[in-house]
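Single-structure report; data block below.
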Amino acid sequence: MPKRVLMQGNEACVEGAIAAGMRFFAGYPITPSTEIAEVSAVRLPQVGGHFVQMEDEIASIACAIGASTAGAKAMTATSGPGFSLKQENLGYACLTEIPLVVVDVQRSGPSTGLPTSPSQGDVMMSRWGTHGDHPIIVISPSSVKETYELAIRCFNLAEKYRQPVIFLMDEIVGHLREGIEIPENVETVDRPTVEHPTAKLAAYHVEPGQLVPAMAPFGHGQRYNISGLFSNEKGFPTNSNELTEEKMQRIMHKISDNYDDIVQVEETGLEDAEVAVFCYGGTTRAAITAVEEARAKGIKAGIFRPVTIWPFAERELDAVCKKVKKIVVAEHNYGQLLHEVERVAQGRCKISFIGKVNGTVITPDEILAKIEEE
Amino acid sequence: MAGVNMTGVSPKTAQVSDLIWKYMRPENMPHIWCPGCGHGIIMREVAQAVENLGIDRDKLMIVSGIGCSSRAAGYMDANTLHTTHGRAIAFATGIKIANPELEVIVLTGDGDASAIGGNHLIHACRRNIGLTVVVMNNSIYGMTGGQYSPTTPTGEFGTTAPYGNIDRDFDVAQLAIGAGATYAAKGSVYHVPQTVKLIENGIKHKGFSIIDVADVCPTYYGRKNKKGSAVNMMQYQKDNMVPADKAKTMTEEELKGKIVVGLLKETEYPEYTEEYQKIIDRFVKGAK
Amino acid sequence: MSKMELRLAGSGGQGVILATVILAEAAVIAGKYTAQSQSYGPEARGGSAKAEVIISDDPIGFTKVQKPSFLMALTQDSLNKYGKNLPEGCIVVVDDSIEHIPDMPGCKVLTLPILSTAREKVGRAQTANIVAVGAINDLLHLVDHEHLREAVLSRIPKGTEELNMKALEMGMALNASV
């Protein structure tokens, strides 16, 4: 029998991460993500892993990336202001293909904002925060149970694709406590490595048709170089425009070609729906209640929820746009994924928006009013 | 033309020492450093220290940041990580904690270590984590073309100090001592055998060690400050060297412009990864 | 009971958050659905604190309390702030130290000596939240007594079991009823 326990979202994030194999966490205290560092500090040595509190947010992500190059499944966690500070090194890990999970428990911003209040204002920063074009995977949970499960998925995707994955939580779920069942067994994925490290000297070499390089962790005889400069397959800096093009194409295709494996959505009651509520993360909970109330009133409403935020679930949303009359976009920001929805809808259905940026949560009544609106 | 082109040169015929062939990656030559630059000398000093200690290159980890100095990582045949500006020590901290068996050496410049990376430097000192930091201290930002750095002496010139530098300069080794470094030394590119020994002892030291090496940048610092050729700058190091022991008896005024070489501090304190292992051992028997 | 929405309010440090966590824990032990959350300012002590817990036989959508079926206020400030716009039939427990009770139309208002019981009968002011938990469960019949005991024991510091069990019993002994 799986054990049923009361757990906070932030705590479930750590427990899921440990179940996925996380053995290294570097962090810096920041509300509302601090519990992730606190629980990691307690739990990691218990499983033979390491926790370190670094001197700042930049050091935290750098330290986690370093640990990952030495073979540890590593994570760092923060909130808005800290997520801003981590952006440069996030891009480093994207280009150098180092597996990493970065948690952002979003809070009200900009600047110091309302530190203890919910927001979803970092959605675009999670996509474009670091400089330069880059691939990214972003996942957002809507319940404590899902926080546990998706933390595992973040690690599995990070390892499989040698790619930083952003776990985009929000204060609603991070500080929520719910009962969850802890599964006895979870499926975990380890990064592609090489059997004979001394034999493969070009660490970033990939066979034709493959997109993810197999590399041994540092210290296993491969003696390669990793650089944040565009590099050749041995990891040494190059000014070659051809090699730069090749590398960019490969790391971008690594994610886009695996859309079906990476992109997850949850569709509820959309079979006959005339109105779809588009929401994600903690906002989903208000939408569930709003749609139940709408159905009780005889309105054919449903929910379209991207679980994977980036890459954007445009294929699935496209199918929804073909059949519903209206999409109500609900997010705790001034309209960020709204523009993605409009881009996919291309005027085929009406788009209505409800956003909140005052530190309070969107209520079911507010969503219901938008559903009912002519 | 920078550096020596070793591509296609056979080890049998080249006028290159066995040390270079063993510790460098010939395919990455020529290096990008200017003629007369001291970085190559420091890289060789590090290689010689590693060789003297008989460290397995598979367990040798070189981490660097950004700047001229930081290209050294790519030139050395070890596990090498060329990171972001200022963050080498933070990356190295993660590596050392995740795998304490690795011998982790950070190669960094004065700007990288004491300006943008100053916070990481002082906290690594405080933590006493087993890293060896070698500062290639040429008192200038070379890669970006000669701006003044935290170690540019007051009154000297850089492209961003066109009227003379009004900032006070850091003494990086003393900064590290103030932050709790348990091993701190000063070397130079002229005093090679002494500096090799100081790096060697720094690597052997249990805990954090820093070797602040007085470097020469004839291209930018030298030209901007009329220091003459690389040879003149090396001659200056020779003529103005003060042994660390003697320096302790001298006043700040007397030390102005002097090149201190020697050990400044060596003390014992528990090393970070060993202390953390004790916490793990409370829960997990025989865990690494 | 199919769904109860509880809101507890007081000043920071009175332990209203922990009280709702214990009720949520008891709900999990009892096999019910629950969602517990809180809002607070940056202060660890002082300032206002509000905590909420929903306990339901069915899965919970929206996790915040919208129409509280129950409100407990331990301070005048928190009563002034949250004792407004309450739905018909809401049960309101007010600590008897509160001097001015505003008009709360449609609500069943009850005054209980939560803080003084903790301070005087249990002997520790800090146990007020456990006294409250005992009184609330006795009043609302949320979970079996055994489940609540287990929940309290799982969330209090080691070495305080006896004190907190006493507080729980004292809370129940207030014989709150409406």
Side-chain angles (χ1 to χ4, degrees), chain A residues 23-26 41 43-56 58-74 76 88-93 96 98 197-198 201 203 216-229 231-232 234-238, chain B residues 25 27-28 32 56-64 66 70-71 73-99 101-102 104 116-117 119-120 122-124 126-127 129 272-273 276-284 286-288:
Chain A
R23 290 298 178 269
F24 191 93
F25 181 95
R43 292 283 288 120
L44 277 171
Q46 295 174 354
V47 295
H50 293 86
F51 164 88
V52 59
Q53 181 170 311
M54 293 300 284
E55 52 274 14
D56 59 36
I58 299 171
S60 301
I61 185 169
C63 191
I65 295 170
S68 185
T69 65
K73 289 189 184 179
T76 183
E88 184 195 4
N89 284 332
L90 180 65
Y92 179 87
T96 55
I98 298 169
T198 47
L201 294 176
F218 278 139
H220 290 261
Q222 207 173 352
R223 295 213 306 268
Y224 55 90
N225 186 54
I226 293 178
S227 173
L229 287 162
S231 299
N232 62 23
K234 287 185 172 179
F236 299 128
T238 174
Chain B
R25 288 163 165 155
E27 71 268 32
N28 290 344
I32 65 155
D56 177 0
R57 276 175 305 163
D58 288 346
K59 300 294 173 196
L60 176 63
M61 182 77 230
I62 306 277
V63 186
S64 68
I66 292 293
S70 299
R71 293 304 184 99
Y75 302 143
M76 295 191 72
D77 189 3
N79 303 283
T80 56
L81 184 68
H82 179 214
T83 69
T84 50
H85 197 22
R87 319 302 169 197
I89 290 173
F91 279 82
T93 297
I95 294 170
K96 185 68 184 178
I97 297 173
N99 186 358
E101 285 179 5
L102 294 178
V104 185
I116 190 167
N119 201 28
H120 313 309
I122 59 174
H123 286 275
R126 176 179 65 82
R127 246 175 234 121
I129 185 160
Y272 184 89
T273 60
Y276 200 91
Q277 187 61 40
K278 288 178 192 167
I279 298 174
I280 294 176
D281 289 342
R282 287 192 222 164
F283 301 103
V284 188
K288 269 281 174 221

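Proteins come first, then strands; the chains are lettered A, B, ... in the order of their sequence lines, and each starts at number 1. Heavy-atom basis, side chains included; hydrogens, waters and symmetry copies ignored.
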Non-hydrogen atoms of [X] and [Y] that approach each other most closely:
X        : Y        : result
B:Arg25  : A:Arg223 : NH2-O, 2.8 Å
B:Asn79  : A:Gly219 : OD1-N, 3.1 Å
A:Gln46  : B:Val284 : O-CG2, 3.4 Å
B:Tyr276 : A:Pro45  : OH-CD, 3.5 Å
A:Ala70  : B:Asn99  : CB-CB, 4.3 Å

Check whether any side-chain heavy atom of [X] sits under 4.5 Å from a side-chain heavy atom of [Y], and report yes or no.
X        : Y       : result
B:Phe91  : A:Thr69 : no
B:Ile280 : A:His50 : yes
A:Thr96  : B:His82 : no

Under 4.5 Å from any heavy atom of chain A - which part of [X]:
X        : value
B:Arg57  : both
B:Arg127 : side chain
B:Ile97  : both
B:Tyr75  : neither

Any chance you could measure [X], atom [atom1], to [Y], atom [atom2], to the nearest 0.5 Å?
X        : Y        : atom1 : atom2 : answer
A:Asn225 : B:Asn28  : CG    : CG    : 7.5 Å
A:Tyr224 : B:Asp77  : OH    : CG    : 14.0 Å
A:Tyr92  : B:Leu81  : OH    : CG    : 4.0 Å
A:Cys63  : B:Ile89  : SG    : CD1   : 12.0 Å
A:Asp56  : B:His123 : CG    : NE2   : 7.5 Å
B:Ile116 : A:Ile58  : CD1   : CD1   : 7.5 Å

Only pairs of heavy atoms separated by less than 4.5 Å count here; which of [options] has the most with chain A?
options                              : value
B:Leu60, B:Thr273, B:Ile95, B:Ile279 : B:Ile95
B:Ala88, B:Ala78, B:Ala98, B:Ser70   : B:Ala78
B:Asp58, B:Asp56, B:Ile66            : B:Asp58

*asked:* Looking only at heavy atoms and a cut-off of under 4.5 Å, which of A:Glu88, A:Lys234, A:Glu55, A:His220 has the most pairs with chain B?
replied: A:Glu55
*What residue, out of A:Ala72, A:Ala74, A:Gly221, A:Gly228, has the most heavy-atom pairs lying under 4.5 Å from chain B?*
A:Gly221
*chain B heavy atoms under 4.5 Å from A:Ala26: which part of the residue, side chain, backbone, both or neither?*
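Neither part.
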*For A:Phe218, is it the side chain, the backbone, both, or neither that has a heavy atom closer than 4.5 Å to a heavy atom of chain B?*
both
